[in-house]
S.K.: 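Before I ask anything, let me first share the structure, which is written out below as structure tokens.
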Amino acid sequence: MQFMLKQVYINKNVIEAARERMAYIFDEFENICISISGGKDSTVLAHLALREAHKRNRKVGIFFLDEEVVYDSTISQIKYLMNMYPENTVKLWFQIEFNLTNSTSIKDGQLKCWERGKHELWMRPKEPDSIQYKPWDRTKETIRDKNKGFGFYDALDNFQDSRQNTAFLVGLRATESPNRWRAVSKNPGYKDVYWCTKRENGSVNFYPLYDWNFHDIWKYIYDAGLKYSKIYDYQYKKGMGLQEIRVSSLIHEKSFKALVELPEFEPKTYDKLQKRIGGIAVGHIYGKENKMLRARTLPKNFKSWREYRDFLLITYPDESKKDIFIKRYARYLNNNYVARQECRQLILNDYENNLPVDNKPDPREETIRKWRELL
Amino acid sequence: MREIKTEKYGTFIIPDALIINTKYGPIKLISQTAIVVPIELVQANNYNPNSVDSKNMELLKRSIIDNGFCYGVVTIWDKDLQKFIIVDGYHRYDEFKNDFQATEVPVYVLDQTPAQRMAATVQFNRARGVHQVDLMGDLVKALFEQGEDDAAIAKHLGMELEEVFRLKQITGIAELFKNQIYSRSWEMQEVDV
């Protein structure tokens, strides 16, 4: 007999189900740690978990990895969540050095957040009760990508690996990230539970909100009378679709568009950011424009994307990174479809390959070839 | 005092600018030196990268009707072309000439090199602020409380009704979802094939 994994509706609503999942996690695990970003999903997740902890008179860790260059509204939200049930909370607010990509600048392509000796430039002072030094064995520290050095996900990995037998709660939702959901739900990660993935040292990542839709999140925030990041209201007022709004870092290759509106939302954050790192004004002025950063329209002085790509490579100002691009592109097809994507990587300083190139024959050339055969 | 002698339009006299002393040295009050000239003597420059969308041109027109023509067009005198070439204010000149069909326009005449002019154009275009969204919301709310309706606010501020509506929504977005019902829950289950 063969089995297949299928999504089956059950006779409960998402809030009842999530409360039961929380109770299950608290029954099974002594150590519980909630990852929060300041966004709406992690607000709901933290509230559900803290309610359960409060009921049982237990403590849970609330983990926030602080990237320094974030909205001020995000920080207010983190403070709100960390102080909601102080008697049930262990604050794990991490303010340590790690590397962030700055897509808006080639000169200042990387930002080391909370860099030592730059106190005066930091976006804000560190929290008095934050964790300011890496609390793990430095000799066993892992790094995913040597080119980038110790980054956000490395800080996350090393933090999680430093804890044993812990349930890590993450606000992943299937409708929001279908690909990630498919990847994590293939096998049970703990006992017969599918909404989790197994980690080292007896730890497990749990996704108790996996079946929530975005309107469930907002309904819960309304019903429970929770505060949420002001960025959502700002962006909504600016006419942004509710599902596109993000509260994450302000400078990486998928979020620099936030800089276009930042001076209207948080003028002080924008001012400090400009003093902190180069390229911010470029992101502000050209973040939604089709030529400069998005590589949608070919600049008029170039005849083809290939020509533009070659020009960008020759003039790439950082010699140490240039080779990464040259080696990478040597493996790809040399057509305009691929070249346009290469231009985008070069413009956004994406030596980490976070915006992967779809390496295939140019669909336009294919169409032209087919018509030529017919005519 | 400066004199600009034209071939066909006689002589224009530019008054000396008043000077006031400031922390950064003496500053010329160019604003006091406007002269009114025939509009056909004024001409666009060929390098201005600024563009104004049609909705904001409508707002500019509204502003001229409501407030008058408050700021003269900044120019230099080009002797070879026999024209006042615009440094700043192309769009209000364009609107005044082509939509209002005005025959005259006030200009300031600077005495600058071509490089200075180009820089001045960009300075004028870029050195301006943006409206903070939440304060803009407060402003719309205040107008509403003074008895202006949505349509009037939209017209005077050059907004779509949609934008007025969004700015008026000071309650926040969680409120929008209060009447939703929670979705049905689901699980991953193994089923026989």
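Throughout, protein chains are lettered first and strands after them, A, B, ... in sequence-line order, and every chain is numbered starting at 1.
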S.K.: Would one find more than 12 heavy atoms of other residues, nucleotides or ligands at under 6.0 Å from atom OH of B:Y9?
M.R.: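 Yes, because the 6.0 Å sphere around OH of B:Y9 holds more than 12 heavy atoms from other groups.
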S.K.: Is the number of heavy atoms from other residues, nucleotides or ligands within 6.0 Å of NZ (B:K155) greater than 12?
M.R.: no
S.K.: Return yes when atom CG of A:N11 has more than 12 non-hydrogen atoms of other residues, nucleotides or ligands closer than 6.0 Å, and no otherwise.
M.R.: no
S.K.: Measure A:A18 against the heavy atoms of chain B and call it side chain, backbone, both or neither at under 4.5 Å.
M.R.: neither
S.K.: What distance separates B:E187 CD from A:K12 NZ, expressed to the nearest 0.5 Å?
M.R.: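 That separation rounds to 6.5 Å.
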S.K.: Which value, rounded to the nearest 0.5 Å, describes the distance between B:I181 atom CD1 and A:K219 atom NZ?
M.R.: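 Nearest 0.5 Å value for the CD1-NZ distance: 9.0 Å.
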S.K.: If you measure from CD on A:Q7 to CD on B:Q189, what distance do you get to the nearest 0.5 Å?
M.R.: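 These two atoms lie 10.5 Å from each other.
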S.K.: Does some side-chain heavy atom of B:M188 sit less than 4.5 Å from a side-chain heavy atom of A:W181?
M.R.: yes
S.K.: Could you tell me whether the side chain of B:E190 reaches within less than 4.5 Å of the side chain of A:Y194, counting heavy atoms only?
M.R.: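 Yes, close enough: below the 4.5 Å cut-off.
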S.K.: Find the distance between OG (B:S185) and CD1 (A:I15) and round it off to the nearest 0.5 Å.
M.R.: 11.5 Å
S.K.: As a test of understanding, state which of A:D216, A:N13, A:D223, A:N213 forms a side-chain hydrogen bond (donor to acceptor under 3.5 Å, both in side chains) with B:Y182.
M.R.: A:D223
S.K.: Quick one: are B:S183 and A:H215 in side-chain contact, heavy atoms under 4.5 Å?
M.R.: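 Side-chain contact under 4.5 Å: yes.
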S.K.: Inspect the surroundings of CZ in A:R51 and state if more than 12 heavy atoms from other residues, nucleotides or ligands are less than 6.0 Å away.
M.R.: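 At most 12 heavy atoms, drawn from other residues, nucleotides or ligands, come within 6.0 Å of this atom.
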S.K.: Tell me whether A:F302 at atom CZ has more than 12 heavy atoms from other residues, nucleotides or ligands lying less than 6.0 Å away.
M.R.: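 For A:F302, atom CZ is crowded (more than 12 foreign heavy atoms under 6.0 Å).
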S.K.: For A:P263, is it the side chain, the backbone, both or neither that has a heavy atom under 4.5 Å from a heavy atom of chain B?
M.R.: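 Interface part for A:P263: both.
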S.K.: Out of A:L226, A:V14, A:I10, which one racks up the most heavy-atom pairs below 4.5 Å with chain B?
M.R.: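 That would be A:I10.
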